[in-house]
Amino acid sequence: MTELERQQWDVVVVGAGGAGLRAAIEAREAGARTAVICKSLFGKAHTVMAEGGIAASMGNVNPRDNWQVHFRDTMRGGKFLNQWRMAELHAQEAPDRVWELETWGALFDRTGDGKISQRNFGGHEYPRLAHVGDRTGLELIRTLQQKIVSLQQEDEREFGDYEARLKIFQECTVTRVLKDGDRVAGAFCYERESGRFFVLEAPAVVLATGGIGKSFKVTSNSWEYTGDGHALALLAGAPLLNMEFVQFHPTGMVWPPSVKGILVTESVRGDGGVLRNSEGRRFMFGYVPDVFKEKYAETEEEGDRWYEDPDNNRRPPSCSPATRSPGPSTPR
Ligand SMILES: Cc1cc2nc3c(=O)[nH]c(=O)nc-3n(C[C@H](O)[C@H](O)[C@H](O)COP(=O)(O)OP(=O)(O)OC[C@H]3O[C@@H](n4cnc5c(N)ncnc54)[C@H](O)[C@@H]3O)c2cc1C
């Protein structure tokens, strides 16, 4: 009978995109021996495809921005069905996470006076996206990988082994989260190249496997995004919430067939592009839900003014300077 290899770790992180790598860095820095496992090559996570940027209310381009406005935009974009505490944490902490990436070696585009530049994006009241041209995700993954390597170099100096406290298993797939009674006990995995099965035993398993986009025929997502984490969690007995939330992007390539589904980044519209139908009409004005109507531009001329002069056009009352308090992060 084939011997099943078993290894013991403190934490197993399933997925090596932005979420998984950041979780692994945190776990390793807290002293936990951490294994990261990913289905494809290390560095080929979906995160690498992100183009437009990272939403963080640093207020570098428009100083009126702050975390409360970002929080409000996020809740409104989610039609108030969002988990508000997650949206709040995201809005509060995003500026520090962007800055942290810079301290780890990322280099974002700059404003004229040398601050991290920010651009407009759908649903954001002010220019808010920190970016690196249209390859922000590549810079993000490159930086997180570099940080992982630097932690491994520390371990080599301390223990003579690069993988003593942080190991990457690439081209390996997790098919089950293992349990011991009610408690999580590890992950069952197979290696693509050899087909061998192995078990990573750990009292904590972090699922960071990305989305389910590949369930759709036309998609910007690659082959890996088949909702594995959702299935692993469900099979392990976890409840799934808000599964209907899938991002349908308004702009993508349709022709020729070889590029069908490739994303045309939202920042095209953030930088002044407009959506027109086959008759040349700007049709989106007909789709603003009633509840939001009074807050958005009603005519093409007004829409254009929003872009050209965001400070002196219609704004929701909650964004007026008098009602805002400063966020916890210093603008950078
Ligand atoms: C074209 C495009 C452009 C985008 N632009 C932006 C943008 O500008 N701004 C923005 O905020 N967001 C953008 N997004 C969305 C953003 O990229 C994703 O939401 C984000 O990268 C998800 O990160 P993640 O770490 O959760 O997952 P991913 O980066 O998708 O990583 C998932 C990881 O899980 C692994 N995995 C999956 N299943 C298994 C399994 N069974 N076993 C082992 N490993 C597994 C994969 O191999 C991978 O390593 C864009 C997305 C696309 C597709």
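The basis for the numbers below is simple: all heavy atoms, side chains too, and nothing from hydrogens, waters or symmetry mates. Read the numbers this way: they start at 1 and go in the same order the structure lists the ligands and their atoms.
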- Could R281 and E300 be called an ion pair, given the rule that one side-chain N must be under 4.0 Å from one carboxylate O? no

- Note on the structure: the protein heavy atom lying closest to atom 42 (N) of ligand 1 turns out to be V174 N, 3.0 Å

- atom 15 (C) of ligand 1 protein-contacted, heavy-atom criterion under 4.0 angstrom: no

- Query: Which is closest to atom 5 (N) of ligand 1 by heavy-atom distance: A50, G229, G261, G20?
  - Reply: A50

- Taking atom 35 (C) of ligand 1 as the reference point, the nearest protein heavy atom with its distance: G15 CA, 3.6 Å

- Message: Assess the residue pair H46 and Y225 against the criterion (ring-ring contact (aromatic ring centres under 6.0 Å, His included)); give the C-alpha distance rounded to whole Å, side-chain angles, the decisive distance to 0.1 Å, and a yes or no.
- Response: CA-CA 8 Å; H46 224 155; Y225 301 100; 3.8 Å; yes

- Message: Check for me whether G137 has a heavy atom closer than 4.0 Å to any atom of ligand 1.
- Response: no

- Take atom OH of Y162 as the centre, draw a 6.0 Å sphere, and report whether it contains more than 12 heavy atoms from other residues, nucleotides or ligands. no

- What's the shortest distance from atom 49 (O) of ligand 1 to any protein heavy atom, and which residue and atom give it? A16 N, 3.0 Å

- Query: Quick one: do the Q152 and E154 side chains pair a donor with an acceptor below 3.5 Å?
  - Reply: no

- Quick one: does I37 get a heavy atom under 4.0 Å from ligand 1? yes

- Can you tell which part of T209 has a heavy atom less than 4.0 Å from ligand 1: side chain, backbone, both or neither? both

- Task: Considering heavy atoms of the protein only, find what lies nearest to atom 26 (O) of ligand 1 and give residue, atom and distance to 0.1 Å.
- Result: A19 CB, 3.8 Å

- Message: Suppose we measure from atom 21 (O) of ligand 1 to each protein heavy atom; which comes out shortest, and what is that distance?
- Response: T47 OG1, 2.9 Å

- Message: Tell me whether ligand 1 is touched by G211 - counting only heavy atoms on the residue side and a distance under 4.0 Å.
- Response: no

- Message: In the complex you have, is atom 40 (C) of ligand 1 within reach of the protein, judged by whether a heavy-atom distance drops under 4.0 Å?
- Response: yes

- Can you tell me if K39 and T226 form a side-chain donor-acceptor pair at under 3.5 Å? yes

- Positive for side-chain contact (heavy atoms from CB on, under 4.5 Å) with V174, one of D228, L232, L207: L232

- Item | ligand 1 atoms in contact with C172 (distance to a heavy atom under 4.0 Å) | 43 (C)

- Carefully, step by step, assess D10 and R165 under the rule salt bridge (charged side-chain N to carboxylate O under 4.0 Å, His left out). CA-CA 9 Å; D10 296 327; R165 290 187 296 183; over 6 Å; no

- Note on the structure: A student comparing G210, A187, G53 should find that the heavy atom closest to atom 10 (C) of ligand 1 comes from G53

- Item | Under 3.5 Å side-chain donor-acceptor pair for E102 and W104 | no

- Of all the atoms in ligand 1, which lie at a distance below 4.0 Å from a heavy atom belonging to V14? 42 (N), 43 (C), 44 (N)

- Query: Does the protein put a heavy atom under 4.0 Å from atom 19 (O) of ligand 1?
  - Reply: no

